[in-house]
Amino acid sequence: MNETTEKYPANFIRTIIEKDVQAGKHSGRVVTRFPPEPNGYLHIGHAKAICLNFGMARDFGGSTNLRFDDTNPLKENAEFMESMQTDITWLGFEWRELRNASDYFEQLFNFAVQLINKDRAYVDSQTAEQIRVNRGSLTQPGTDSPFRDRTINENLELFQRMRDGDFADGEHVLRLKIDMTSPNINMRDPTIYRIRHVIHHQTGDAWCIYPMYDYTHCISDSLEGVTHSLCDLGFEDHRPLYDWVLNELAMNAHPQQIEFSRLNLQYTVMSKRKLKQLVEENLVDGWDDPRLPTLAGLRRRGYTPEAIRDFCRRIGVTKSDNNVELAMLQSCLREDLEGKAPRAMAVLNPVRVTIENYPKGQVERLSVDNHPKDESMGQREVPFARDIYIDRADFREEANRKYKRLVLGGEVRLRNAYVIRADRIVRDPQGEIIEIVCTYDPETLGRNPESRKIRGVIHWVSAEHALPALFNLYEPLFTVDFPDMSVQDYRELLNPNSRVVAEGFVEASLGNAQSDVQYQFEREGYFCIDNKHDGGDQLVFNRSVELRDTWSKIEGREEAQR
RNA sequence: UGGGGUGUCGCCAAGUCGGUAAGGCACAAGGUUUUGAUCCUUGCAUGCGCAGGUUCGAGUCCUGCCACCCCAGCCA
């Protein structure tokens with residue numbers, strides 16, 4: 001993945017920016033910003049916005065600021081700021097400057113005074129309930145507040161006293177004086193300041209009035225020289241307000257707000273409220289639970305920044321509602337990992353195999369490629385001995401020709417080793433197979449027999465040398481593709497099998513598995529070390545994604561036919 | 001029933017001045033293969049929400065419908 005391929009494919013925002021640059025608008029500069037509210041963890045939907053903002057600026061030689069939209073101290077905290085910086089950096093982006101909306105509180109206050117002086121803002125002393133009622137409805141115009149005609153001086157004095165802490169929470173608010181009959185509800189004298197006697201994580205007790213989003217955002221953008229202010233469709237109705245404020249203030253930089261649709265991904269939820277609820281109600285194991293669509297969760301699951309960036313590129317940017325299939329995300333991960341994940345063998349659901357004609361006590365140190373197509377990844381040593389484990393799913397007492405694995409009386413290739421034949425099975429008193437007794441063909445190491453065709457290859461580990469391991473096998477967190485659309489509460493749709501722990505073995509070389517390396521356990525999927533789950537003496541791996549599996553499709557089809 | 005949006009293959013999505021429907025995912029078929037992986041090849045929208053109209057020609061222009069999404073926080 002290089003700079004060229006990382007470029008965003010054509011989309012309507014790129015078209016707008018291209019035209020602006022050509023026309024010399026904003027002197028041909030491109031400045032964007034990513035403005036999260038620090039009230040949760042960043043998720044894959046944010047990644048879409050991050051890639052867009054940073055990507056567009058990069059493609060046009062511009063820059064991007066990270067700005068925390070910290071205007072509501074009730075919901076925000078510094079810990080979330082930390083995690084967001086970690087996640088953005090991990091994703092691979094660098095901001096030019098880190099700002100907080102709270103850096104502008106003093107300026108914002110002064111701008112508000114300006115608006116009061118222009119008779120474009122007033123202190124309203126109605127209750128929240130009265131304001132709500134007087135706002136009207138979608139089809140009914142609103143009515144003017146009885147306080148709408150206060151004199152400029154009275155407003156000035158009241159606003160100053162609000163700042164000075166003379167009033168309790170909710171006693172007054174500052175509102176813009178626009179038009180209570182506007183068909184656009186956002187223009188019906190929106191509130192821009194409210195009283196909150198709370199400590200702010202950045203400004204401490206310096207303020208007891210806090211500006212609101214609509215007022216703060218456009219001014220912050222302008223102050224930072226942002227040229228293109230990209231946000232989601234939810235703010236389309238707010239654009240007239242964004243422009244109104246900047247025009248009334250006669251700001252010399254007037255960014256263009258452009259809206260795009262947010263990402264909807266199958267089998268998950270994306271709203272911060274719901275993610276927060278899942279975490280706080282312990283329905284998952286924290287913000288970095290590998291089943292969550294948070295960047296922290298995806299990272300722990302084994303997703304790479306490259307895969308996520310590629311995903312954001314592939315899903316595109318439009319204004320239409322989208323419902324992206326999970327397969328798209330998984331495909332991006334597989335594509336990234338295929339070329340760079342070292343291979344290894346792991347048996348998730350072991351059954352013992354004894355190779356009767358292999359000398360007891362003998363151990364062969366087989367030299368095995370770490371990647372089938374990339375010699376530069378080198379080789380490793382894999383011990384082979386008389387007792388090994390294979391996966392239960394790789395053996396059947398009887399099967400038709402389509403089954404290409406080990407069948408009683410049949411042969412199969414042990415990956416990177418010999419061809420074996422299953423001679424008989426040993427069962428426990430309950431009837432379960434506990435051992436498969438085989439014989440091996442010593443002539444088949446590194447070459448195929450000439451007389452017959454070996455159709456299958458299965459993986460294995462040496463029983464004596466293998467390391468016990470736990471495998472977190474994940475399924476989607478929800479049982480339905482779009483939990484948000486269900487009439488049921490999304491918490492009732494949690495998939496009980498979203499995390500299943502398998503107990504098995506990994507080959508000895510994984511004893512020094514790196515925690516930041518994704519491995520492909522051949523025929524099983526891509527895995528990475530999970531250093532948060534406690535496995536005691538055992539290694540713990542997370543399955544990031546399975547390998548593409550055409551066999552299970554064929555098998556499923558046959559099952560269905562029966 | 002106010003305002004703002006969106007409708008191109010199962011999903012995502014490209015479609016400059018109207019010129020005769022990119023690509024990816026998924027799926028299907030075949031080839032290679034000591035991963036039923038990868039890789040390679042091939043297939044996959046006479047049609048772009050619907051109905052009219054303009055035009056030699058319309059996904060692209062016009063008109064009228066229809067469907068879906070968003071907005072009534074002192075949240076962002």
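Chain identifiers are assigned alphabetically (A, B, ...) following the order of the sequence lines, protein sequences preceding nucleic acid strands; residue numbering begins at 1 within each chain. Values reported hereafter were calculated over all heavy atoms of this structure, with side chains retained and with hydrogens, waters and symmetry mates removed. What you see is a predicted model; the values in this text were computed from it and never measured.
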Residues of [range] with any non-hydrogen atom less than 4.0 angstrom from an atom of RNA chain B: list those, numerically ordered, please.
range	result
residues 123-133 of chain A	A/Gln126, A/Thr127, A/Ala128, A/Ile131, A/Arg132
residues 183-195 of chain A	A/Pro183, A/Ile185, A/Thr191, A/Arg194
residues 438-448 of chain A	A/Thr444, A/Leu445, A/Gly446, A/Arg447

Checklist entry - What is the base-pairing partner of B/G2, counting Watson-Crick and G-U wobble geometry with both distances under 3.5 Å? => result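 Partner of B/G2: B/C71.
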
Next on the checklist: Need the pair for B/C65. Rule: Watson-Crick or G-U wobble, both distances under 3.5 Å, any strand; none if unpaired.
Outcome noted: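 Paired with B/G49.
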
Next on the checklist: Hydrogens and angles aside, do A/Asp391 and A/His459 bring a side-chain donor and acceptor to less than 3.5 Å of each other?
Outcome noted: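 Per modelled atom types, A/Asp391 and A/His459 side chains form no pair under 3.5 Å.
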
So for [X] and [N], does any side-chain atom that can act as donor or acceptor lie under 3.5 Å from a complementary atom in the base?
X	N	value
A/Asp549	B/G36	no
A/Gln520	B/U35	yes
A/Gln140	B/G2	no
A/Arg405	B/G36	yes

Please check the phosphate of [N] (OP1 and OP2 only) for any side-chain N or O of [X] closer than 4.0 Å.
X	N	answer
A/Arg523	B/G36	yes
A/Thr71	B/C75	no
A/Lys553	B/C27	yes

With heavy atoms under 4.0 Å as the rule, sort [X] into base, sugar-phosphate or nothing.
X	answer
A/Ser331	sugar-phosphate
A/Ile315	sugar-phosphate
A/Tyr215	nothing

Item to check | Chi class for B/G47: syn within 90° of 0, otherwise anti | outcome: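 Classified anti.
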
Checklist entry - Which listed nucleotide (B/A76, B/G5, B/U35) is nearest to the side chain of A/Tyr213? => result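 Per side-chain heavy atoms of A/Tyr213, the pick is B/A76.
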
Checklist entry - Between B/C11, B/C75, B/C74, which one does the side chain of A/Arg135 approach most closely? => result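 For A/Arg135, the side-chain atoms sit closest to B/C74.
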
Next on the checklist: A cation-pi test, strictly: NZ or CZ of A/Arg343 under 6.0 Å from the centre of the six-membered ring of A/Phe521 and no more than 45 degrees from its axis. Yes or no?
Outcome noted: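 No, a cation-pi geometry is absent between A/Arg343 and A/Phe521.
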
Next on the checklist: I need the single residue from A/Arg135, A/Arg148, A/Lys177 that forms a salt bridge (Lys or Arg N to Asp or Glu O under 4.0 Å) with A/Asp189. Which is it?
Outcome noted: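 Answer to the salt bridge (Lys or Arg N to Asp or Glu O under 4.0 Å) test with A/Asp189 among A/Arg135, A/Arg148, A/Lys177: A/Arg148.
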
Checklist entry - How long is the line joining CZ of A/Phe12 and P of B/G5, in whole Å? => result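 The distance from CZ of A/Phe12 to P of B/G5 comes to 12 Å, rounded to the nearest Å.
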
Checklist entry - Whole-Å distance between B/A13 C1' and A/Asp310 CG? => result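 Going from A/Asp310 (CG) to B/A13 (C1'), I get 14 Å.
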
